[in-house]
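A quick write-up on the structure given underneath.
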Amino acid sequence: MNRSAWRRACVSEHTCVEVSDRGALVAVRDSVQPTVALTFAAGDWRSFVAAVKDGTIDAHRSLGATGSGVSGIGS
């Protein structure tokens with residue numbers, strides 16, 4: 001996929017996650033190592049993002065992240 005197809009959410013200047021919708025799939029990658037991506041069923045990704053946004057999953061604690069910015073990945 002070309003670079004413009006990826007949306008980026010950053011916790012800091014150097015810690016970013018990029019997300020790309022690919023129809024039935026959603027690809028997620030680390031901006032530092034963009035050649036490796038994980039793919040998820042679109043419905044599963046939406047459920048994960050909703051759980052993070054409503055507090056069911058504490059992504060910062062679960063992933064060891066600090067700061068804010070995770071909520072931007074589902075937009």
Side-chain angles (χ1 to χ4, degrees):
M1 297 207 73
N2 66 33
R3 187 160 179 78
S4 64
W6 293 90
R7 294 185 316 275
R8 182 179 284 195
C10 295
V11 176
S12 71
E13 185 178 322
H14 303 290
T15 306
C16 300
V17 172
E18 296 177 331
V19 178
S20 178
D21 295 319
R22 298 177 179 200
L25 297 175
V26 173
V28 181
R29 68 184 184 185
D30 181 342
S31 63
V32 176
Q33 294 181 321
T35 58
V36 178
L38 300 175
T39 56
F40 300 91
D44 292 340
W45 180 253
R46 284 191 301 272
S47 294
F48 169 74
V49 171
V52 170
K53 287 182 177 182
D54 73 15
T56 303
I57 297 173
D58 183 350
H60 295 283
R61 194 171 118 214
S62 299
L63 301 174
T66 59
S68 63
V70 175
S71 62
I73 60 180
S75 304

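Only this structure's heavy atoms are used, side chains among them; waters, hydrogens and symmetry mates stay out.
- Between the CG atom of L25 and the CG atom of D44 there is a distance of 10.0 Å, given to the nearest 0.5 Å.
- Among residues two or more places apart in sequence or in another chain, the side-chain contact (heavy atoms from CB on, under 4.5 Å) test is passed with A42 by V26, R46.
- Closest heavy-atom contact between I57 and F48: CD1-CD1, 4.0 Å.
- Hydrophobic clustering (ILVMFWY, side-chain heavy atoms < 4.5 Å, transitive): V17 and V32 are in distinct clusters.
- Sorted by first and then second residue, the ring-ring contact (aromatic ring centres under 6.0 Å, His included) pairs with a member in residues 24-43 read F40-W45; sequence neighbours excluded.
- Heavy-atom minimum distance, S20 versus A5: OG-O, 3.3 Å.
- Partners of S47 under the side-chain contact (heavy atoms from CB on, under 4.5 Å) rule, at least two apart in sequence or in another chain, do not exist in this structure.
- Between R29 and V36, the closest heavy-atom pair is CB-O, 3.3 Å.
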